[in-house]
Amino acid sequence: MRIVSLVGNRPQFVKAAPLCQALRAEGEEILVHSGQHYDPDLADLFFDELGIPAPDHSLAVGPGSPLHQLTIMMERLEPVLADTQPDALLVYGDTTTTLAGALVAAKMDVPLAHVEAGLRSFDKRMPEEQNRVITDHLSDVLLCPTQQAIDNLAREGVTKGVHLVGDVMYDACRAFAALAATQPGAVGRGLEPGGYVLVTIHRAAATDTPEALSAMVEVLTSLGAPAIFPVHPRTRAKLEAAGRWDELQNVPGLIMARPAGYLDFTALLMQAQAVITDSGGVQKEAYFHGIPCITLRDTTEWVETVDGGFNRLTGMDAAKVAEAMADLSMPDERPQYYGDGHAADAIVRALVTELG
Ligand code: UDP
């Protein structure tokens with residue numbers, strides 16, 4: 001079995017770490033890096049610390065609007081698939097890279113496998129929702145992390161090639177938690193373990209209008225607890241362009257930091273009192289580590305965490321965040337919503353079944 005895997009941004013590197021190993025134990029993997037995340041803090045560091053093999057091909061898409069990046073990636077991926085003739089192209093998640101891969105595979109009649117298939121926020125304005133719906137409908141092998149994802153696909157009439165495999169982020173979490181625990185984390189930054197919140201914000205909805213940026217600044221300036229925010233370069237650029245960056249530098253108790261590597265970030269997460277985020281992956285990681293999560297969105301794909309009482313949806317609303325911070329209680333038992341931590345093996349088995 002020869003698989004071309006396409007990755008391009010931070011969460012995809014995390015998901016690829018366990019899967020690259022499992023794929024290479026079974027057959028041949030050719031790794032393609034689209035270059036969607038080109039900032040070294042979001043890319044190179046992850047390959048090094050997660051032991052991801054060096055990419056065999058780099059599409060080097062670089063900066064630009066999502067549409068610009070999409071067209072360049074498609075143009076540069078076509079010859080790679082033509083040369084390598086894989087049994088399938090494997091894509092992850094819901095990014096521009098994912099969509100580029102899906103469209104090229106479909107047009108070239110290369111079977112398409114989608115990791116994290118079937119997730120829905122039911123908010124079509126989200127670029128991620130557009131990307132994942134189109135990708136699912138073009139996929140031949142749909143690798144679902146949860147039963148909810150399978151049910152979502154069934155409602156859209158997608159039932160062929162669908163497999164429940166669990167979540168590869170849980171595999172990564174289990175593989176790297178012990179190493180992460182040895183990182184400086186909170187203590188290395190003068191924060192008291194259990195006495196601070198970890199913040200991440202990067203979605204377009206939070207950064208792309210002056211009103212959204214004002215709401216973000218209000219949340220950040222009224223947290224009422226020590227906080228560390230490893231700032232995504234995109235968020236920083238938007239705050240700077242809007243002239244809102246400087247006012248966040250001297251907020252008492254708030255550390256505006258560089259993006260953290262995965263191990264360092266995991267260390268910060270494991271010791272936090274709570275996580276406040278608009279990230280998809282971080283909501284799940286909070287759950288894996290038993291840390292209360294406050295999600296700065298009105299919807300989530302990870303509904304189990306909300307229904308189970310582990311995650312609160314507040315939108316970008318300082319008053320609702322304060323309300324959620326006042327009660328961070330969590331149920332004692334954490335069900336295995338995301339499988340048993342062997343999703344990568346289950347994915348390889350599903351690929352072998354579907355592709356022969
Ligand atoms: N992450 C990281 N450093 C940070 C912030 C996040 O390593 O400073 C990791 C985090 O542990 C998770 C992934 O990046 O594995 C989530 O990526 P992101 O929030 O950028 O994307 P999303 O999950 O929202 O698609």
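This structure is a prediction, so every number in the text was calculated from the model and none was measured. Whatever order the structure lists ligands and atoms in, that order sets their numbers, starting from 1.
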Inset, instruction - Considering the heavy atoms of Met169, write down every atom of ligand 1 situated less than 4.0 Å from one of them. - result: 12 (C), 15 (O)
Legend entry - Ser279-ligand 1 polar pair, N/O distance under 3.5 Å: yes
Inset, instruction - Specify whether Phe47 and His33 have parallel, tilted or perpendicular ring planes, treating 30° as the upper limit for parallel and 60° as the lower limit for perpendicular. - result: parallel
Inset, instruction - Can you pull out the closest protein heavy atom to atom 20 (O) of ligand 1? Residue, atom name and distance to 0.1 Å, please. - result: Arg10 NH2, 3.0 Å
Legend entry - For Asp123, salt bridge (charged side-chain N to carboxylate O under 4.0 Å, His left out) partners two or more places apart: Arg125
Legend entry - Closest protein heavy atom to atom 25 (O) of ligand 1, given as residue, atom name and distance to 0.1 Å: Pro11 CG, 3.5 Å
Inset, instruction - Give the residue and atom name of whichever protein heavy atom lies nearest to atom 15 (O) of ligand 1, and the separation in Å to one decimal. - result: Glu285 OE2, 2.6 Å
Legend entry - Atoms in ligand 1 with a heavy atom of Gly261 nearer than 4.0 Å: 7 (O)
Legend entry - Atoms in ligand 1 with a heavy atom of Phe46 nearer than 4.0 Å: 2 (C), 7 (O)
Legend entry - Contacting atoms of ligand 1, where contact means under 4.0 angstrom from a heavy atom of Arg203: 24 (O), 25 (O)
Legend entry - Min N/O separation Asp94 to ligand 1 under 3.5 Å: no
Inset, instruction - Check if Thr266 has a non-hydrogen atom at a distance under 4.0 Å from any atom of ligand 1. - result: no
Inset, instruction - Indicate whether any N or O donor in one side chain lies under 3.5 Å from an N or O acceptor in the other, for Asp136 and His114. - result: yes
Inset, instruction - Identify, by atom number and element, the atoms of ligand 1 in contact range of Pro230, meaning under 4.0 Å from any of its heavy atoms. - result: 8 (O)
Inset, instruction - In plain terms, say whether Glu29 and Arg2 are close enough for a salt bridge, that is, a side-chain N and a carboxylate O under 4.0 Å apart. - result: no
Inset, instruction - Classify the contact between His202 and ligand 1 as side chain, backbone, both or neither, using a heavy-atom distance cut-off of under 4.0 Å. - result: side chain
Legend entry - N or O pair under 3.5 Å between Gly280 and ligand 1: yes
Inset, instruction - Quick one: look up the protein heavy atom nearest atom 23 (O) of ligand 1 and list residue, atom name and how far away it is. - result: Gly281 N, 2.7 Å
Legend entry - Side chain Gln69, main chain Gly62, donor-acceptor under 3.5 Å: yes
Inset, instruction - Indicate whether the side chain of Thr98 and that of Thr135 have a donor and an acceptor atom separated by less than 3.5 Å. - result: no
Legend entry - Ring geometry between Tyr337 and Tyr287 (parallel below 30°, tilted from 30 to 60°, perpendicular above 60°): parallel
Legend entry - Derivation and outcome, ring pair (Phe, Tyr, Trp, His ring centres under 6.0 Å), residues Tyr170 and Phe288: CA-CA 7 Å; Tyr170 188 34; Phe288 299 151; 4.8 Å; yes
Inset, instruction - Heavy-atom distances under 4.0 Å are what count here, so tell me which part of Tyr262 touches ligand 1: side chain, backbone, both or neither. - result: both
Inset, instruction - Answer with yes or no whether the side chains of Asn152 and Glu156 bring together a donor and an acceptor at under 3.5 Å. - result: no
Inset, instruction - Examine Ala260 against ligand 1 and note whether any of their N/O atoms are separated by less than 3.5 Å. - result: yes
Inset, instruction - Give a yes-or-no answer on whether the side chains of Thr300 and Gln283 include a donor-acceptor pair shorter than 3.5 Å. - result: yes
